[in-house]
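A short write-up of the structure that comes next.
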Amino acid sequence: GAVVSQHPSWVICKSGTSVKIECRSLDFQATTMFWYRQFPKQSLMLMATSNEGSKATYEQGVEKDKFLINHASLTLSTLTVTSAHPEDSSFYICSARLAGGDQETQYFGPGTRLLVL
Amino acid sequence: QKEVEQDPGPLSVPEGAIVSLNCTYSNSAFQYFMWYRQYSRKGPELLMYTYSSGNKEDGRFTAQVDKSSKYISLFIRDSQPSDSATYLCAMSAGGAQKLVFGQGTRLTINP
């Protein structure tokens, strides 16, 4: 199957700092990538849809100025959590859309665990 | 009512048993159906995807979609302890529409 990587896999930072998370599709080009957030024992919550070369589309309730998304190439999207606070601590997962023929799927990265102290 | 309903479990079965996981949905526009497996502290891994109705088999896994009943299933044969994970159903209408996930079913296979 298609491979999506994320970096870093985990990060600990002080409150008020910014954290950048990278999402890469390693063996396919993805015009669309997605960013999710997951709390313990809960399902994935979509934060935003990232389209290559255009502005991201944010879900209701997600602050676009706090969660900056850049999708500069067909294989890379980044999520920057600006001025992180303890309530931003979570598991962040990206996915990349693979479509063609009768296939319309998303492949997920391994996730990034963020802890804000 | 949620667009996709999935029993969160937990579900615990003995090794070797056949496992049946199910989701129901309400949006008749959904055409693409997926099952993901997620281990603790890992990203979801795509197990099966199906377009429209029908069955699909891959090794010990079989996915079924019944669009008339708005019901999808995942069967795991000869279950192994390594199958212990959370299983998420997901579906979309296609055309870069976002995936809608079930809540996930936590499955434990006991040796």
Checklist entry - Given the rule in the ring pair (Phe, Tyr, Trp, His ring centres under 6.0 Å) test, do A:Y107 and B:Y36 qualify, once you have shown the distances and angles that lead to the verdict? => result CA-CA 10 Å; A:Y107 288 89; B:Y36 289 89; 8.0 Å; no
More than 12 foreign heavy atoms under 6.0 Å from [atom1] of [X]: is that the case here?
{"X": "B:K56", "atom1": "NZ", "result": "yes"}
{"X": "A:K66", "atom1": "NZ", "result": "yes"}
{"X": "A:H85", "atom1": "NE2", "result": "yes"}
{"X": "B:R41", "atom1": "CZ", "result": "no"}

Give the cluster check for [X] versus [Y]: same hydrophobic cluster or not, with ILVMFWY residues linked at side-chain heavy-atom distances below 4.5 Å.
{"X": "A:L46", "Y": "A:F67", "result": "no"}
{"X": "B:Y49", "Y": "B:F30", "result": "no"}
{"X": "A:V4", "Y": "A:F91", "result": "yes"}
{"X": "B:W35", "Y": "B:F61", "result": "yes"}

Item to check | Atom group of A:E59 that falls short of 4.5 Å from chain B, counting heavy atoms | outcome: side chain
Item to check | Full working for side chain to side chain contact (heavy atoms under 4.5 Å, CB included) between B:R106 and A:K41 | outcome: CA-CA 9 Å; B:R106 189 184 303 178; A:K41 299 184 180 181; 3.2 Å; yes
Next on the checklist: To check you understand the geometry: which heavy-atom pair defines the closest contact between A:S43 and B:G102, and what is its length?
Outcome noted: OG-O, 3.0 Å
Checklist outcome for this item: In terms of heavy-atom contacts, B:G94 and A:E104 come closest through CA-CG, 3.9 Å
Toward chain A, the part of [X] with a non-hydrogen atom under 4.5 Å:
{"X": "B:L99", "result": "both"}
{"X": "B:F33", "result": "neither"}
{"X": "B:Q38", "result": "side chain"}

Next on the checklist: Distance check, rounded to the nearest 0.5 Å: B:K98 atom NZ versus A:S95 atom OG?
Outcome noted: 13.0 Å
Checklist entry - Rounded to the nearest 0.5 Å, how far does OG1 of B:T86 lie from CD of A:Q38? => result 8.0 Å
Checklist entry - Can you tell which of A:I93, A:T112, A:T105 has the highest number of heavy-atom pairs within less than 4.5 Å of chain B? => result A:T105
